[in-house]
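Encoded as structure tokens, the structure appears first; notes follow it.
This structure is a prediction, so every number in the text was calculated from the model and none was measured.
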Amino acid sequence: MNFSDRIQVTEVGPRDGFQNLKAFIPTEVKQSIIDTMAEVGVKTMEITSFVHPKAIPQMADAARIAAATLEKHPHLKAYALVPNLTGAHNAYTAGVRDVNYVISVSAAHNRANVNRTKEESLEDLKKIGEELPELHIKLSVATAFGCPFEGAVAEKDVFDLMEAALKRGVTEFALCDTIGVANPKQTGLLSKHALQAFPNTVIALHMHNTRGMGLANALAGIDAGLYIFETSVGGLGGCPFAPGAAGNTATEDLLNMAHAMGIKTGIDFEAYLRAVEIVKEKIDENLSSNMARACKYEHVF
């Protein structure tokens, strides 16, 4: 296998990790977790989502989180998810300049997720670019590996969506295993072919761990040549509009694997575990990640 000596870990816990939780997390608790992760070396983070609070009440404090984070951590690349043009305007007003926009490869999931057709989502993407040219837009390609409603997803359909977004000015993508059905062979092939098909773009991998293959899929992505991986503290998360979707690949598990293999991330792994402890204490004591429960072990070679 081919292993690079460095990868970038993008923390998505404050948005993708928290959005599914029913009990509202106090804003100050969310902020303390964001602050802790930013202070231990996390350079890129998805901090919130500018969705309507009726759709996802957990994100009702998006403007407050964005303002505080941008003020405290000016060097953090802080993304916010925006589901539509209105969300993009709200994010811009709050000071956000990096946004994550989501379109599903699957028409059925796109309708369930954002209540619109893919064509309508693409039209909104075009309007965001025209009305807010200062925004940097990353497109999360949802259901790139499989759909809970339509089943298998063809590689051609993934690339057709990416090509349509490219024509609308998008040059950064995340291939998302929305319900955690991907396997390492599939992940490696799609990652490799995406890099070949879109050589002048930035491509990340966002793998859920529903069936326990999140780390294996990340490893396949590294072998294929990808270097950006989106993960969540504690393994929290899952799409609220995808039946059966479970948590993300845990950030601490990916950090542990990378550091054990000599792959640099720029994040202080031991210090990052402080954020995990806050999540265990304040949000969920039964986290799904391995490193939230593992004993400490010093590697001796």
Side-chain angles (χ1 to χ4, degrees), residues 10 12 15-17 19-20 46 49 51 55-56 79 81-84 99-125 137-166 168 170 172-195 197-198 201 203-214 216-218 220-221 224 226 228-232 237-249:
T10 297
V12 300
R15 195 281 300 178
D16 196 2
Q19 68 178 4
N20 243 5
E46 191 175 43
S49 175
V51 298
I56 303 181
Y79 283 88
L81 183 141
V82 298
N84 48 39
V99 298
N100 177 24
Y101 186 77
V102 183
I103 305 179
S104 304
V105 180
S106 154
H109 184 265
N110 202 70
R111 174 65 72 180
N113 193 39
V114 293
N115 194 31
R116 61 183 58 196
T117 66
K118 290 165 60 176
E119 291 72 23
E120 289 170 333
S121 289
L122 285 167
E123 181 59 28
D124 233 20
L125 175 62
I137 305 171
K138 173 180 67 179
L139 177 67
S140 283
V141 183
T143 64
F145 297 87
C147 170
F149 308 111
E150 298 180 6
V153 171
E155 183 179 279
K156 179 182 182 301
D157 292 338
V158 175
F159 291 170
D160 284 349
L161 176 56
M162 293 174 69
E163 184 64 39
L166 189 67
R168 290 161 175 80
V170 175
E172 182 177 359
F173 300 91
L175 299 173
C176 302
D177 184 19
T178 307
I179 55 172
V181 294
N183 63 70
K185 180 179 179 180
Q186 177 190 20
T187 301
L189 286 173
L190 184 61
S191 300
K192 179 181 178 181
H193 295 163
L195 287 169
F198 301 93
T201 65
I203 301 176
L205 203 59
H206 183 124
M207 311 305 293
H208 285 213
N209 198 44
T210 311
R211 289 164 176 78
M213 288 191 278
N217 287 326
L226 296 182
I228 303 175
F229 300 87
E230 300 183 354
T231 55
S232 173
C239 175
F241 306 106
N248 289 277
T249 302

Sub-4.5 Å side-chain heavy-atom contact between I103 and V114: no
Sub-4.5 Å side-chain heavy-atom contact between Q19 and L81: no
Report yes or no: does [X] contribute a side-chain atom to a donor-acceptor pair with the main-chain N or O of [Y] at less than 3.5 Å?
{"X": "N217", "Y": "A182", "value": "yes"}
{"X": "N183", "Y": "T187", "value": "no"}
{"X": "D16", "Y": "G237", "value": "no"}

Approximate separation, where rounding is to 0.5 Å, of [X] [atom1] and [Y] [atom2]:
{"X": "L139", "Y": "Y101", "atom1": "CG", "atom2": "OH", "value": "8.5 Å"}
{"X": "L195", "Y": "L190", "atom1": "CG", "atom2": "CG", "value": "9.5 Å"}
{"X": "S106", "Y": "K118", "atom1": "OG", "atom2": "NZ", "value": "7.5 Å"}
{"X": "M162", "Y": "I203", "atom1": "CE", "atom2": "CD1", "value": "4.5 Å"}
{"X": "D157", "Y": "E150", "atom1": "CG", "atom2": "CD", "value": "9.0 Å"}
{"X": "K156", "Y": "D160", "atom1": "NZ", "atom2": "CG", "value": "3.5 Å"}

Locate the shortest heavy-atom distance separating [X] from [Y]; write the atom from each residue and the value.
{"X": "A194", "Y": "L175", "value": "CB-CD1, 4.1 Å"}
{"X": "V141", "Y": "A144", "value": "O-CB, 3.5 Å"}
{"X": "N110", "Y": "S121", "value": "ND2-OG, 3.1 Å"}
{"X": "V153", "Y": "C147", "value": "CG2-N, 4.0 Å"}
{"X": "A165", "Y": "F173", "value": "CB-CE2, 3.8 Å"}
{"X": "G188", "Y": "A224", "value": "O-CB, 3.6 Å"}

Name of the residue among T178, N248, T10, T249 meeting side chain to side chain donor-acceptor pair (under 3.5 Å) with H206: N248
Polar side chain donor-acceptor pair, S140 to N100, under 3.5 angstrom: yes
Residue pairs involving residues 174-193 (criterion salt bridge (Lys or Arg N to Asp or Glu O under 4.0 Å); sequence neighbours excluded): none
Basic-acidic side-chain contact under 4.0 Å: E46, K138: no
Residue pair D124, R116: steps toward the side chain to side chain contact (heavy atoms under 4.5 Å, CB included) verdict: CA-CA 10 Å; D124 233 20; R116 61 183 58 196; 2.8 Å; yes
Candidate list M207, H208, E155, test side-chain contact (heavy atoms from CB on, under 4.5 Å), partner F145, passing option: M207
Aromatic ring pairing F198/F159, orientation class (parallel under 30°, perpendicular over 60°, tilted between): perpendicular
